[in-house]
There are 2 protein chains.
Amino acid sequence: MADVMIHEFLLGFIKIYILQFADKEPVYGKEIHDQLEEFGFKISFGTLYNTFHGFEEKGYLVHEERNVNGKIRKYYRITKHGREALATAKGKARELFTALYE
Amino acid sequence: MADVMIHEFLLGFIKIYILQFADKEPVYGKEIHDQLEEFGFKISFGTLYNTFHGFEEKGYLVHEERNVNGKIRKYYRITKHGREALATAKGKARELFTALYE
DNA sequence: GATCGTGATATCAGATGTTGATATCAACAT
DNA sequence: ATGTTGATATCAACATCTGATATCACGATC
């Protein structure tokens with residue numbers, strides 16, 4: 001029940017977090033999926049990979065393939081444009097967040 | 001451009017804000033729509049009224065009709081159950097927010 | 001008491017976003 | 001070749017969002 005609610009409210013927020021993560025270090029899909037799940041946030045693989053593709057189309061992220069233990073991973077990292085978008089999104093998120101906690 | 005992005009990221013967050021607002025004082029649709037717009041957040045009337053109805057179905061809000069200057073407004077206020085949902089959502093939002101700014 | 005104006009709410013068809021089960025992929029092992 | 005494995009991709013079914021338009025309830029005007 002809380003799961004559904006959290007999802008309705010925070011899926012968009014999770015997408016900001018993906019950009020943020022990719023700003024700190026290159027990330028790949030499964031990693032972020034599992035990490036989010038660990039903290040009680042869920043995003044389906046369908047949405048997750050689609051989000052990566054969308055961000056790449058918008059020029060927020062670029063990816064590079066790496067072979068890790070014989071498996072291909074696509075590591076995404078942020079671009080200049082993505083960093084600008086992230087800053088804007090964070091700023092707006094902060095505004096709303098402040099309104100929640102003032 | 002920023003508008004679209006903000007929306008993709010923050011629509012869910014805006015819904016938490018609606019609950020929060022209804023926790024402080026009774027609110028009606030147009031009021032919150034215009035107030036959000038003033039701060040650069042947009043939510044369509046379709047989504048907004050649908051959100052009110054959904055929250056009422058879930059038992060988060062109840063409404064009461066008031067005649068103001070000869071016009072009917074539906075003022076929504078939060079319920080006990082809604083307050084619990086709000087607290088949960090705010091807690092989770094804080095977790096994500098903290099991750100963004102640490 | 002019929003018609004109009006107004007602020008607000010409701011609707012719903014079309015567009016867009018999400019899901020998750022399933023398919024596919026690339027590398028390595030046997 | 002065939003199988004295994006970790007990961008990514010797909011896509012039909014489903015859910016959500018939009019916004020133009022309709023509707024509502026009341027008061028005013030004639």
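Numbers restart at 1 for each chain; the letters A, B, ... are given by sequence-line order, proteins then strands.
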Distance from B/Y76 atom OH to B/E64 atom CD, nearest 0.5 Å? 11.5 Å

Within this structure, what is the CD1-CZ distance for the pair B/I18 and A/F9, rounded to the nearest 0.5 Å? 9.0 Å

Roughly how far, to the nearest 0.5 Å, is the CG atom of B/L36 from the CD atom of B/E31? 10.0 Å

Just checking, any donor-acceptor pair under 3.5 angstrom between side chains of B/Q35 and B/Y17? yes

Residues of residues 17-45 of chain B with a heavy atom under 4.0 Å from any atom of DNA chain D, listed by number, are B/S44

Within the 4.0 Å heavy-atom criterion, would you say B/H7 contacts the bases, only the backbone, or no part of the nucleic acid? sugar-phosphate

Without decimals, in angstroms, what is the distance between B/I14 CD1 and D/dT18 C1'? 14 Å

Which range-with-range stems can be found for DNA chain C when each stem has 3 or more Watson-Crick or G-U pairs in a row and both distances sit under 3.5 Å? C:1-30 with D:1-30

Within residues 69-77 of chain A, find the residues that approach DNA chain D with a heavy atom at under 4.0 Å, and present them sorted by residue number. A/K71, A/I72, A/R73, A/K74

B/L11 atom CG is separated from D/dG19 atom P, nearest whole Å, by 12 Å

What do you reckon, is CG of B/N69 surrounded by more than 12 foreign heavy atoms closer than 6.0 Å? no

Rounded to the nearest 0.5 Å, how far does CD1 of A/I32 lie from CD1 of A/I14? 9.5 Å

Measure the CG-CD distance between A/L11 and B/E8 for me, rounded to the nearest 0.5 Å. 9.0 Å

Along DNA chain C, 5' to 3', what are the outermost nucleotides having an atom less than 4.0 Å from a heavy atom of chain B? C/dT6 to C/dT11

Consider only side-chain N and O atoms of A/R73 and A/Y75, and report whether a donor and an acceptor are under 3.5 Å apart. yes

Would you compute the distance between atom CG of B/D23 and atom CZ of B/R77 and round it to the nearest 0.5 angstrom? 11.5 Å

Is the side chain of B/H81 donor-acceptor paired with the backbone N or O of B/L61 at a distance under 3.5 Å, no angle test? no

Please tabulate, one pair per line, all N/O donor-acceptor pairs under 3.5 Å involving side-chain atoms of residues 88-102 of chain B, not counting sequence neighbours.
| from | atom 1 | to | atom 2 | distance (Å) |
| --- | --- | --- | --- | --- |
| B/T88 | OG1 | B/E84 | O | 3.1 |
| B/K90 | NZ | A/L100 | O | 3.1 |
| B/K90 | NZ | B/Q20 | OE1 | 3.1 |
| B/K92 | NZ | A/F39 | O | 3.2 |
| B/T98 | OG1 | B/R94 | O | 2.7 |
| B/Y101 | OH | A/K90 | O | 3.1 |

Determine whether B/L86 and B/V27 fall in the same hydrophobic cluster, where Ile, Leu, Val, Met, Phe, Trp and Tyr are linked whenever their side-chain heavy atoms lie under 4.5 Å apart. yes

Along DNA chain C (nearest heavy atom to each residue), the more 5'-positioned of A/T47 and B/N50: B/N50

When the nearest nucleotide of DNA chain C is assigned to A/N67 and to A/G46 on a heavy-atom basis, which residue is associated with the more 5' position? A/G46

For residues 48-57 of chain B, tabulate all N or O donor-acceptor pairs below 3.5 Å that involve a side-chain atom, not counting sequence neighbours.
| from | atom 1 | to | atom 2 | distance (Å) |
| --- | --- | --- | --- | --- |
| B/T51 | OG1 | B/T47 | O | 2.7 |
| B/H53 | ND1 | B/Y49 | O | 3.4 |
| B/E56 | OE1 | B/H63 | ND1 | 3.1 |
| B/E56 | OE2 | B/H63 | N | 2.9 |
| B/E56 | OE2 | B/H63 | ND1 | 2.9 |

